[in-house]
A.B. asks: 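Could you have a look at this structure, given as structure tokens, before my questions?
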There are 2 protein chains.
Amino acid sequence: MAWNFDNDRPIYSQLVEILQTQIVSGEYKPGDKLPSVRELAITAAVNPNTMQRAFSELEREGLVSTNRTTGRTVTEDPALISEVRKELASNHVTCFFRKMKELGYTNEEITALTSEAATREENE
Amino acid sequence: MAWNFDNDRPIYSQLVEILQTQIVSGEYKPGDKLPSVRELAITAAVNPNTMQRAFSELEREGLVSTNRTTGRTVTEDPALISEVRKELASNHVTCFFRKMKELGYTNEEITALTSEAATREENE
DNA sequence: TTTATTGTATTAGTAGCTTAATACAGTAAT
DNA sequence: ATTACTGTATTAAGCTACTAATACAATAAA
């Protein structure tokens with residue numbers, strides 16, 4: 001997993017997105033123990049405070065739960081994970097369409113470009 | 001045109017994106033005179049300096065040219081505009097696929113979701 | 001010639017993000 | 001009991017983005 005950050009956006013919110021993705025994609029399973037704040041901060045090469053802030057967001061969403069002395073674990077609720085996954089995907093689709101339409105592309109052109117990209121990726 | 005900004009990203013780079021989109025989508029035609037920095041700053045409700053910074057970026061790309069005393073105009077080169085438009089679209093497609101794959105979606109699922117979204121938008 | 005408008009530059013102040021260096025309280029393992 | 005690890009909180013510093021308030025030179029219009 002790469003920990004590449006855009007210069008254009010706050011690192012803590014990029015950390016939220018990365019961790020969200022790792023959880024809903026199954027990289028971390030329900031109930032899995034997560035690495036500690038300090039450990040993950042070293043891995044991502046960010047300050048522990050920044051990682052802490054990202055985790056606070058994830059906890060607010062319910063994706064992780066915190067046990068003050070034993071560390072953090074991924075939620076045991078697969079339905080919640082699945083729900084978040086669908087919502088993130090839906091957001092991506094909506095955002096993608098909005099941007100393409102702003103550029104003046106039609107629905108047909110968008111689906112065509114998408115199919116092309118899909119078949120192009122098949123051969124890699 | 002809405003001038004809504006994310007809190008999560010610098011305003012000047014969002015201004016660049018918006019102006020880029022307005023130009024390549026044909027909202028401003030090749031050779032069109034653009035509103036002045038001060039005028040656009042009022043319209044977008046940002047500081048003139050911030051708008052100025054956005055324009056500097058656009059000029060670096062060649063999309064607009066500056067005449068120090070008469071104002072700015074959109075490039076007369078339709079090929080450049082078309083090229084930028086295609087590049088922006090291509091970036092959107094690539095970025096969309098990357099995000100969806102990170103969530104664990106397959107090519108088939110991505111194209112299916114895209115088609116659904118397209119047909120859904122037809123009926124609105 | 002005067003006036004208004006253009007882009008551009010400068011300086012200062014505010015706010016948010018990030019890092020750094022600590023410190024504290026609770027728990028598991030030894 | 002001691003040790004090591006957990007999450008959490010605090011304070012200070014540096015950096016960038018943004019706003020604000022100007023000022024200047026060049027041109028078009030009156």
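Numbers restart at 1 for each chain; the letters A, B, ... are given by sequence-line order, proteins then strands. Note that the coordinates shown come from a computational prediction; the quantities given were computed from them, not determined experimentally.
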A.B. asks: Taking only N and O in the side chain of B:Thr50, is any of them less than 4.0 Å away from OP1 or OP2 of D:dT19?
C.D. replies: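 For B:Thr50, the contact criterion (side-chain N or O under 4.0 Å from OP1 or OP2 of D:dT19) is met.
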A.B. asks: Ignoring the backbone of B:Asn49, work out which of D:dG7, D:dT19, C:dT19 is nearest its side chain.
C.D. replies: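 Closest of the options to the side chain of B:Asn49: D:dT19.
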A.B. asks: Check every atom of C:dC17, C:dT19, D:dT19 against the side chain of A:Arg53 and return the nucleotide holding the closest atom.
C.D. replies: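 Comparing C:dC17, C:dT19, D:dT19 against the side chain of A:Arg53, the answer is C:dC17.
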A.B. asks: A:Thr69 side chain: which of C:dT6, C:dT27, D:dA17 is closest?
C.D. replies: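 The answer is C:dT27, which lies nearest to the side chain.
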A.B. asks: Output the rounded distance in Å from CG (A:Asn7) to P (C:dC17).
C.D. replies: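 Rounded to the whole Å, the gap is 16 Å.
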A.B. asks: Give the rounded distance in Å between these two atoms: CZ of A:Arg9 and P of C:dC17.
C.D. replies: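 Atom CZ in A:Arg9 sits about 14 Å away from atom P in C:dC17.
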A.B. asks: Return yes when atom NZ of B:Lys86 has more than 12 non-hydrogen atoms of other residues, nucleotides or ligands closer than 6.0 Å, and no otherwise.
C.D. replies: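 Open: at most 12 neighbouring heavy atoms sit under 6.0 Å from NZ of B:Lys86.
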A.B. asks: Ignoring hydrogens and geometry beyond distance, is a side-chain donor-acceptor pair present between B:Glu61 and B:Gln20 at under 3.5 Å?
C.D. replies: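 Indeed, the side chains of B:Glu61 and B:Gln20 share at least one donor-acceptor pair under 3.5 Å.
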A.B. asks: Start at the 5' end of DNA chain C and walk down; is the nucleotide closest to A:Thr70 or to A:Gln14 reached first?
C.D. replies: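 Taking each residue's closest nucleotide, the earlier one in sequence belongs to A:Gln14.
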A.B. asks: Quick one: B:Gln52 CD to D:dC24 P, roughly how many Å, whole number?
C.D. replies: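 Computing the B:Gln52:CD to D:dC24:P distance gives 18 Å.
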A.B. asks: Check the distance between C:dT5's P and B:Glu39's CD and give it to me in whole angstrom.
C.D. replies: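 Going from B:Glu39 (CD) to C:dT5 (P), I get 10 Å.
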A.B. asks: Rounding to an integer number of Å, can you tell me how far B:Phe5 CZ sits from D:dA17 P?
C.D. replies: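 In whole Å, D:dA17 P lies 16 Å from B:Phe5 CZ.
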A.B. asks: Mind calculating the distance between CE (B:Met51) and C1' (C:dT8) to the nearest angstrom?
C.D. replies: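 The answer, rounded to whole Å, is 16 Å.
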A.B. asks: Taking only side-chain N and O atoms of A:Arg72, does any of them lie within less than 4.0 angstrom of OP1 or OP2 on D:dT6?
C.D. replies: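 Negative; the distance criterion is not met.
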A.B. asks: Please state how far atom CG in A:Asn47 lies from atom P in D:dA12, giving the value in whole angstrom units.
C.D. replies: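 One finds 17 Å between P of D:dA12 and CG of A:Asn47, rounded.
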A.B. asks: May I ask you to say what B:Arg38 touches in the nucleic acid, namely base, sugar-phosphate or nothing, with a heavy-atom cut-off under 4.0 Å?
C.D. replies: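 It contacts base atoms.
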A.B. asks: Counting only side-chain heavy atoms from C-beta out, which of D:dG7, C:dT19, C:dG7 sits nearest to A:Arg68?
C.D. replies: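 Taking heavy atoms from C-beta onward, the closest nucleotide is D:dG7.
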A.B. asks: Using a distance-only test with no angle check, is there a side-chain donor-acceptor pair under 3.5 angstrom linking A:Thr114 and B:Thr111?
C.D. replies: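 Absent: no donor and acceptor within the cut-off.
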A.B. asks: Around A:Glu87, counting heavy atoms of other residues, nucleotides and ligands shown, do more than 12 lie under 6.0 Å from its CD?
C.D. replies: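 No, because the 6.0 Å sphere around CD of A:Glu87 holds 12 heavy atoms or fewer from other groups.
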A.B. asks: Would you indicate what B:Tyr12 reaches in the nucleic acid, counting non-hydrogen atoms under 4.0 angstrom: base, sugar-phosphate, or nothing?
C.D. replies: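 Sugar-phosphate, backbone atoms only, no base.
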A.B. asks: Taking side-chain contact (heavy atoms from CB on, under 4.5 Å) as the test, write out the residues that go with B:Pro48, two or more places apart.
C.D. replies: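 side-chain contact (heavy atoms from CB on, under 4.5 Å) list for B:Pro48, sorted by chain: B:Val37, B:Ala41.
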A.B. asks: Quickly work out the A:Glu57 CD to C:dC17 P distance and round it to whole Å.
C.D. replies: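 Atom-to-atom, A:Glu57 to C:dC17, this comes out as 11 Å.
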A.B. asks: If you check every side-chain atom of A:Ser36, which of C:dT6, D:dT6, D:dT8 has the closest atom?
C.D. replies: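 Looking only at side-chain atoms, A:Ser36 lies closest to D:dT6.
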